[in-house]
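Bear in mind the structure is a predicted one, so any value in this text is a computation, not a measurement.
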There are 2 protein chains.
Amino acid sequence: MQRQLTQRGQERKAQLVSFAIKAFAQNGYHTTSVADIVDGVGVGKGVFYWYFSSKEELFIEILRTSQRDMRRRQQREIRGVEDPLDRIDLGIRAAVLWFAENDDLRRLLEFARNESTFASAVHHGQKVLVEDARTHIEEGIKEGRIPPRDPEALALAMLAVANQLTQVYISERNEDPEVVADTVAEFCRGGLGMSPEFRQRP
Amino acid sequence: MQRQLTQRGQERKAQLVSFAIKAFAQNGYHTTSVADIVDGVGVGKGVFYWYFSSKEELFIEILRTSQRDMRRRQQREIRGVEDPLDRIDLGIRAAVLWFAENDDLRRLLEFARNESTFASAVHHGQKVLVEDARTHIEEGIKEGRIPPRDPEALALAMLAVANQLTQVYISERNEDPEVVADTVAEFCRGGLGMSPEFRQRP
DNA sequence: AGCGAACTAGACCGATCGGTCAAGAAGCTT
DNA sequence: AAGCTTCTTGACCGATCGGTCTAGTTCGCT
């Protein structure tokens, strides 16, 4: 849905997106109706279909924006750092912290991954994230500081650990994100095969 | 729904469950209607509600049975093995292989984990699995072969890795489950902090 | 003030959903 | 064959869904 939006229009749209994120995360995509959303915002149904051509389009826009935001965060955190192992470490921490600060979005991304309608929309974004990590892992292997194994598998495993531990310890138990990030990072370092002697540059 | 089932009744019920698993896994729980299921099996709608009091009950039964089956598999594989590290290793392999052989069920469990209606139904079963792994990890720590860290977090991380790598490499790319199991096991060994010198009993 | 574009309200629509029910067929037991 | 339980059919129901549409209001610009 391509529309020329005024300031007011942009604000209204943001209002709808914001409410929808909360509603989808809390009650699920399928069980949240368009009527729920417009009622929650306090507008008529016509408003929704002025800004979005369908419920599905809204959801995909949410997914896309989320993934863009998460990657931006990760890129910002590792900017200027040269050492690939440090980049991996910072990338993991950035992922966990982003998940912690955007728990609703984490839930939606996780849901979308398992829903055939949205899996393709999420797939590309995730691939980009994995590619980023893969690059650093390959550098680490080349420098002889990470034992050679399939870099993509390692990247995927790290993402899974970050996601899962965030869900249990931060989303469900409200523990300190920094501590969880440490735990995730340490598990991943080990998983990559970085024994202590590997951690320093040769 | 408690009913006295004849042989024929049990077969009919199994037929419904089997078709429902495939349909839910392929098209999603919400987008699969009761009408889809009974049409697929080729029976009237009354049949469904003779065996199940609701669509939700059917799904929960599927989840429960799946988790029971997966744990049984895991227990069988580690039976008689004393060494806690070996038990962890065999447990991981059993999980990956079960996921590989029951891809539809893996999908459903993953979906249910992220759906508030079913999260509680899955939660208990997952907790049991994590408790099992936790016990072995604690033994390993006590024996000084695993560095001391939160055993539950480690168990959760291992489960996440098994799940994710199974999804990508087996479910999506049809790679050899045994090879994937090796990859998962190796990542997890590292993640637990088992450096090579730890792998032997002191 | 006037005018077109941006925005909003909410009644309305056809489709589909999970679930019910009355009626009867099929299978056991005696 | 009778009679009870198990099983099956499919029309039917009220509710709710995503989406449409018309009539109207508000805004920005000249």
Side-chain angles (χ1 to χ4, degrees), chain A residues 1-24 26-63 108 111-112 115-118 121, chain B residues 1-24 26-63 108 111-112 115-118 121:
Chain A
M1 179 75 46
Q2 194 62 355
R3 279 260 157 74
Q4 201 60 253
L5 299 184
T6 64
Q7 173 74 19
R8 175 160 150 258
Q10 288 174 31
E11 283 165 12
R12 183 66 93 200
K13 186 175 174 181
Q15 221 179 342
L16 287 165
V17 167
S18 164
F19 188 89
I21 288 171
K22 275 182 280 181
F24 287 153
Q26 192 156 88
N27 307 112
Y29 171 78
H30 291 290
T31 39
T32 301
S33 65
V34 175
D36 288 337
I37 296 171
V38 294
D39 286 355
V41 176
V43 295
K45 214 173 192 180
V47 172
F48 185 94
Y49 288 96
W50 176 259
Y51 295 102
F52 308 99
S53 61
S54 71
K55 183 183 162 187
E56 195 174 312
E57 191 200 77
L58 159 64
F59 192 61
I60 289 179
E61 181 171 320
I62 291 172
L63 296 174
L108 299 187
F111 159 81
E115 193 82 355
S116 57
T117 323
F118 301 114
Chain B
M1 177 78 44
Q2 195 62 357
R3 280 258 157 75
Q4 200 61 254
L5 298 185
T6 65
Q7 172 73 21
R8 176 159 150 260
Q10 287 174 32
E11 284 165 10
R12 182 66 91 200
K13 185 175 173 180
Q15 221 180 341
L16 287 165
V17 167
S18 164
F19 188 89
I21 288 172
K22 274 182 279 181
F24 287 153
Q26 193 157 88
N27 308 112
Y29 171 80
H30 290 289
T31 39
T32 301
S33 66
V34 175
D36 289 336
I37 296 170
V38 293
D39 286 354
V41 176
V43 295
K45 213 173 194 180
V47 172
F48 185 94
Y49 287 95
W50 175 259
Y51 295 102
F52 308 100
S53 61
S54 71
K55 183 184 163 187
E56 194 174 313
E57 191 201 76
L58 159 65
F59 191 61
I60 289 179
E61 182 172 318
I62 291 171
L63 296 174
L108 298 188
F111 160 79
E115 193 82 357
S116 57
T117 322
F118 301 114

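The CZ-C1' distance, from B:F59 to C:dG19, rounds to 19 Å in whole Å. Counting to the nearest Å, the P atom of D:dT26 and the CD atom of A:Q4 are 22 Å from each other. D:dC7 atom P lies 9 Å from atom CD of B:Q10, rounded to whole Å. Between A:L16 atom CG and C:dC7 atom C1' the separation is 12 Å, expressed in whole Å. Rounded to whole Å, the distance from CD on B:E56 to P on C:dG18 is 12 Å. Look at CZ on B:F48: it is 13 Å from P on C:dC17, rounded to the nearest Å. Here C:dT20 presents its C1' atom at 12 Å from CE of B:M1, a figure rounded to the nearest Å. At whole-Å resolution of the value, CZ in B:F52 and C1' in C:dG18 are 15 Å apart.
The phosphate of C:dA5 has neither OP1 nor OP2 within less than 4.0 Å of any side-chain N or O from A:T6. Between A:R12 and C:dT8 there is a side-chain polar atom (N or O) within less than 4.0 angstrom of OP1 or OP2.
Relative to the side chain of A:V47, the nucleotides C:dA9, C:dG27, C:dT20 differ in distance, and C:dA9 lies closest. Closest to the side chain of B:W50, from the set D:dG18, C:dT8, D:dT8, is D:dT8. For A:V34, taking side-chain heavy atoms from C-beta onward, the closest of the listed nucleotides C:dG19, D:dT9, D:dG18 is D:dG18. When distances run from any side-chain atom of A:K55 to the nucleotides D:dT9, D:dG18, C:dA9, the shortest one goes to D:dG18. Checked against D:dC17, C:dG19, C:dC7, the side chain of B:S54 finds its nearest nucleotide in C:dG19.
For B:K45 against C:dG18, a side-chain-to-base donor-acceptor contact under 3.5 Å is present.
Nucleic acid contact for B:Y51: sugar-phosphate only, since backbone atoms but no base atoms lie under 4.0 Å from a heavy atom of the residue. At a threshold of 4.0 angstrom between heavy atoms, the contacts of B:R8 are confined to the sugar-phosphate backbone, with no base atom among them. The residue A:T32 sits close only to the backbone: its heavy atoms come under 4.0 Å of sugar-phosphate atoms, none of a base.
With A:F24 as the aromatic partner, A:K55 does not meet the cation-pi criteria of under 6.0 angstrom to the ring centre and within 45 degrees of the ring axis.
The environment of CD in A:E57 is crowded: more than 12 heavy-atom neighbours from other residues, nucleotides or ligands sit within 6.0 Å. Under a cut-off of 6.0 angstrom, the local environment of CD in B:Q10 is crowded, with over 12 non-hydrogen atoms contributed by other residues, nucleotides or ligands.
The aromatic rings of A:F118 and A:F111 sit tilted relative to each other, their planes meeting at an angle between 30° and 60°.
Nucleotides of DNA chain C nearest to A:G46 and B:A35 differ in position, and the one nearer the 5' end is that of A:G46.
Remark: the B:Q15 side chain and the B:E11 side chain contain no N/O donor-acceptor pair separated by less than 3.5 Å.
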